[in-house]
Structures are given as structure tokens and as C-alpha cells.
Amino acid sequence: MAATRIDCDIHPAVGGTRTTLLPYLSDHWKEQVVSRAIDGLDLNSYPPSMPLSGRADWRPADGRKPGSDLAMVQRGAFDQLGASHAICNVVYGAQAVFDSYMAADFCKAINDWIAAEWLAKDKRLRASIVVPIQAPDLAVEEIERRAGDNRFVSVLVPSQGETLLGRRHFWPIYQAAEKYQLPLAIHAGSAYRGAPSSIGWPSYRYEYYLAEAQAFQAQILSLIYEGVFGKYPGLTVVLMESGVSWLPAFMWRANKTWRGVRVEVPWVEREPAAIIRDHFRVTMQPFDAPQDATSVADIIDQIGSEKMFLFASDYPHWQFDGDDPIPPHLPDSLVRRMCEDNPLETFPRLKLDS
């Protein structure tokens, strides 16, 4: 086991709006939460009762959500799964509500809650800034508000929102992220503004989950072809729970198509695969690869950059069997890189001694 093992994706769960976030909301939204009985803003992406959202031994015995108890998360992520440090990514409905002012206040409350009740109680923890992606100006305000706290190391947004993330109205978010050395963390999940599939609504959760890769592919293309990295060359994007094995074929096809129609996007001066290797990172749970060493080696080789991979357990989401979240058949050199060197390079604010 690596002495330093930085888990780039664990999930503290909001126990409930009234039981968890109420002390951190503004007076107006406190009153609204109570008078309107607002609670349970869990995203359908991760319904608490679904097995994928937490295996049996990671669920509190008293029926609370998996990930809602700090002590249990500490035992699971650190003691059981071997992390030395971990980045908290709160996936909750604040980024899905239609009222942008409500979203902004709830995102603020989530960030203040995670700082006061998680980061302050365990120096091994860091967190992503949850922002109201519905309103980019309010998202920038929240980044600016939290930028002085180096325990926040990235900006968290869902993979499926109202529009593709490369669109220019999101660019002020990337300007702020670049300014404060905060990678953009795109996490699997939907605000349910449109169908999870590119051609409509699926019948089963299985279809939705498998189609998540399409959303990540669309976001990569949008960010590249809209010119985000030409404007913000210091921006890094982390794909969380995106899967990994689809990348080689996607990169090949992106290069081939770019060569044929690049006249449409003259500002994209390099092959998309090269831009992906420079600006994108992927967490390694789930690692959706065949179970043989040769196939795993081929996938890593075809992606073509060992710096792209980040260790993650995805605790308490259930992506693997047993107690070792390191995918099988990875070379030791890559395991060392993805557990320490790559996270430290990807998240510049991640200082392990502070």
C-alpha cells in the first residue's frame, strides 16, 4: 500500500435539509424550509436506498443515509480502504433546483456545513466547492467566497445540466477556477433538465447509469471545441465516476473527426486527444475494464498518459468488491502515481501538511 493514498472522490451525505443544513441557511431560506417543509433533496442519480449508493456494511444501523455519519466515513475511507487523505464531494439536489437563489443559498450552506462539521474535525479531509451552476454569476460569487480557504481544492458540477459546459456563459466560472487553482470536477449525476440519454428517456436505471459515459463525452467535446482551454490554459477538468475504458475509442474518433472538419473550429490547433491528455483527469472508480492484465495494460497504453489517472474509492458508493479500491492488474508504478503524484499535481491547493 502506498504510504500516501489520496482518495479524490468520497461522498459525505446531507442527512436532510432540516436536520443538517438548517443552521447554515440564511434567515429567509430557514423560514422557507420550515414553512414549506422542504427536505430530502436527494438526486435520483443516487437514491439512498439503491444498492449502488452504499453497500450493506457502509450503511448506518439506525437507517441514516450511507455517508452521513463522519465517524463511519472515517472508518470506511481511511481505516478500511486505506486512504491517507480524501476529497469530499457532496452530491445533493442544490444543483438541480430551478430557483437559482434557492440553489445559491443551499450551495453556500453545504459548503459551510462541510467546512464546519467535516473539514474542521479531520485534517485529512478536503472538499470541492459546490456551486449553483444554474446561475454562473452566483457560482462565481460562491467560488470567491470560499477561495480563501485552501481546504477547498476544486469546483464541483454535475455531468448533466441545462446546457453543455463549454458554452460561453459558463466561462466566468472557469476564469475564477483558473485564478484560484481550482480544477473543475465534473461528477456523474443529472439536474434532470433533459433526458439522460441523447435520444430520450430510458426505462431502467441500468440504462441511465450506462449512458453516463455519453454525458462525459459530450462535455469533453464541448469544452474543447468551444475553446475553453485556449482561453483558460491553466484549467484542469476532473471526470468523476465517468468510467475509463471508453476513452481510447473516443479519443481516436475525436482525432479523426477533427482532421476532417477542423475548419469549423480553427481555434482548436491541436488534436483533441492531446488536449484531453493535458487538461483532463479521471478517477479510477468505477474502472470498467476487462478482468485480465493484458486488456488493462492495453487500455492504459492506448490512453497514452499515466498522469491522467486519480485514485478514488467513491465511498460509500459501491463500485467494487472487497476492501481494495485499487483496480486489479495496474502496474505498481501507475498505482504510486495515481495515489500521490497525480492528485498533488491535479489539485495544487492540496497541501498534505496543512
Side-chain angles (χ1 to χ4, degrees), residues 1-16 19-24 46 48 53-55 57-62 64-92 94 107-130 145-156 180-183 185 187 238 240-241 283-285 310-319 323-326 338-340 342-344 346-354:
M1 181 187 298
T4 300
R5 185 185 270 199
I6 302 168
D7 192 333
C8 295
D9 187 33
I10 69 169
H11 296 288
V14 175
T19 57
T20 303
L21 298 182
L22 195 63
Y24 301 97
Y46 296 97
S53 296
R55 72 189 199 191
D57 61 321
W58 294 343
R59 292 178 176 275
D62 59 7
R64 285 177 295 163
K65 299 174 188 174
S68 60
D69 180 80
L70 172 60
M72 195 168 187
V73 172
Q74 289 168 317
R75 289 194 299 271
F78 296 128
D79 302 336
Q80 184 180 10
L81 302 182
S84 61
H85 302 78
I87 299 173
C88 300
N89 295 301
V90 181
V91 179
Y92 196 56
C107 286
K108 174 181 176 293
I110 289 170
N111 294 328
D112 290 349
W113 163 71
I114 206 76
E117 300 192 30
W118 291 70
L119 307 187
K121 295 179 179 179
D122 194 325
K123 292 185 178 180
R124 297 171 295 180
L125 293 174
R126 304 294 187 274
S128 294
I129 303 173
V130 179
R145 190 182 73 89
R146 270 294 171 191
D149 186 345
N150 284 326
R151 298 174 301 176
F152 287 90
V153 298
S154 51
V155 176
L156 186 68
Y180 294 109
Q181 295 186 301
L182 292 160
H187 197 283
V238 181
M240 294 184 167
E241 285 189 52
T283 60
M284 293 291 272
Q285 284 295 344
L310 301 172
F311 167 66
S313 70
D314 195 28
Y315 181 92
H317 297 167
W318 188 10
Q319 306 283 9
D323 290 342
D324 188 1
I326 300 291
M338 75 182 205
C339 286
E340 181 175 6
N342 290 351
L344 291 174
T346 300
F347 302 93
R349 295 159 61 103
L350 185 58
K351 310 298 183 183
L352 302 186
D353 58 349
S354 61

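Computed from heavy atoms alone, side chains included, the values below leave out hydrogens, waters and symmetry copies.
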Exercise. Step by step, work out the side-chain contact (heavy atoms from CB on, under 4.5 Å) result for Lys351 and Asn150.
Key: CA-CA 8 Å; Lys351 310 298 183 183; Asn150 284 326; over 6 Å; no
Exercise. Give a yes or no answer on whether the side chain of Arg126 reaches the backbone of Lys123 with a donor-acceptor pair at less than 3.5 Å.
Key: yes
Quiz item: Backbone N or O of Ala83 within a donor-acceptor pair of the Arg124 side chain at under 3.5 Å?
Solution: no
For a quick test of your reading: what N or O donor-acceptor pairs under 3.5 Å do the side chains of residues 71-79 make, sequence neighbours left out?
| unit_1 | atom_1 | unit_2 | atom_2 | d |
| --- | --- | --- | --- | --- |
| Gln74 | NE2 | Asp122 | OD2 | 2.8 |

Quiz item: Looking at residues at least two apart in the chain, or sitting in another chain, which of them share a ring-ring contact (aromatic ring centres under 6.0 Å, His included) with Tyr315?
Solution: Trp58
Quiz prompt | By ring-ring contact (aromatic ring centres under 6.0 Å, His included) - contacts of His187 (at least two apart) | solution = His11
Quiz item: Residues two or more places apart in sequence or in another chain: which of them pass salt bridge (charged side-chain N to carboxylate O under 4.0 Å, His left out) with Arg59?
Solution: none
Gap separating the [atom1] atom of [X] from the [atom2] atom of [Y], nearest 0.5 angstrom:
{"X": "Gln319", "Y": "Met284", "atom1": "CD", "atom2": "CE", "result": "13.0 Å"}
{"X": "Thr4", "Y": "Phe311", "atom1": "OG1", "atom2": "CZ", "result": "12.0 Å"}
{"X": "Cys8", "Y": "Met338", "atom1": "SG", "atom2": "CE", "result": "9.5 Å"}
{"X": "Met240", "Y": "Leu310", "atom1": "CE", "atom2": "CG", "result": "7.5 Å"}
{"X": "Ile87", "Y": "Thr283", "atom1": "CD1", "atom2": "OG1", "result": "10.5 Å"}

Self-check item: Residues that Ser128 engages under side chain to side chain donor-acceptor pair (under 3.5 Å), provided they are two or more places apart
Solution: Asn89, Ser154
Quiz item: Among all residues two or more places apart in sequence or in another chain, which pass the side chain to side chain donor-acceptor pair (under 3.5 Å) test with Gln285?
Solution: none
Exercise. Output yes when Asp57 and Arg55 qualify as a salt bridge under the 4.0 Å nitrogen-oxygen rule, no when they do not.
Key: yes
Exercise. Sort out for me which residue in Asp323, Asp324, Asp9, Asp7 forms a side chain to side chain donor-acceptor pair (under 3.5 Å) with Ser313.
Key: Asp7
Exercise. Apply the test side-chain contact (heavy atoms from CB on, under 4.5 Å) to residues Leu156 and Ile110: give CA-CA distance (whole Å), side-chain angles for both, the deciding distance (0.1 Å), then the verdict.
Key: CA-CA 12 Å; Leu156 186 68; Ile110 289 170; over 6 Å; no
Quiz item: Tyr92 versus Val130: any side-chain heavy-atom pair under 4.5 Å?
Solution: no
Self-check item: All side-chain contact (heavy atoms from CB on, under 4.5 Å) counterparts of Ala127, not counting sequence neighbours
Solution: Cys88, Ile114, Leu119, Phe152
Exercise. Apply side-chain contact (heavy atoms from CB on, under 4.5 Å) to Thr20 and list each qualifying residue two or more places apart in sequence or on a separate chain.
Key: Val14, Trp113
Where do [X] and [Y] come nearest, in terms of heavy atoms and distance?
{"X": "Pro348", "Y": "Gln181", "answer": "CD-O, 3.7 Å"}
{"X": "Phe347", "Y": "Pro183", "answer": "CD2-CG, 3.8 Å"}
{"X": "Ala13", "Y": "Lys65", "answer": "CB-CB, 4.2 Å"}
{"X": "Gly67", "Y": "Trp118", "answer": "O-CH2, 3.4 Å"}

Self-check item: CA sep, side-chain torsions, deciding dist, call: His85, Leu350, side-chain contact (heavy atoms from CB on, under 4.5 Å)
Solution: CA-CA 10 Å; His85 302 78; Leu350 185 58; 5.5 Å; no
Self-check item: Residue pairs, two or more places apart or on separate chains, that pass salt bridge (charged side-chain N to carboxylate O under 4.0 Å, His left out) and touch residues 109-120
Solution: Lys108-Asp112, Asp112-Arg145, Asp112-Arg146
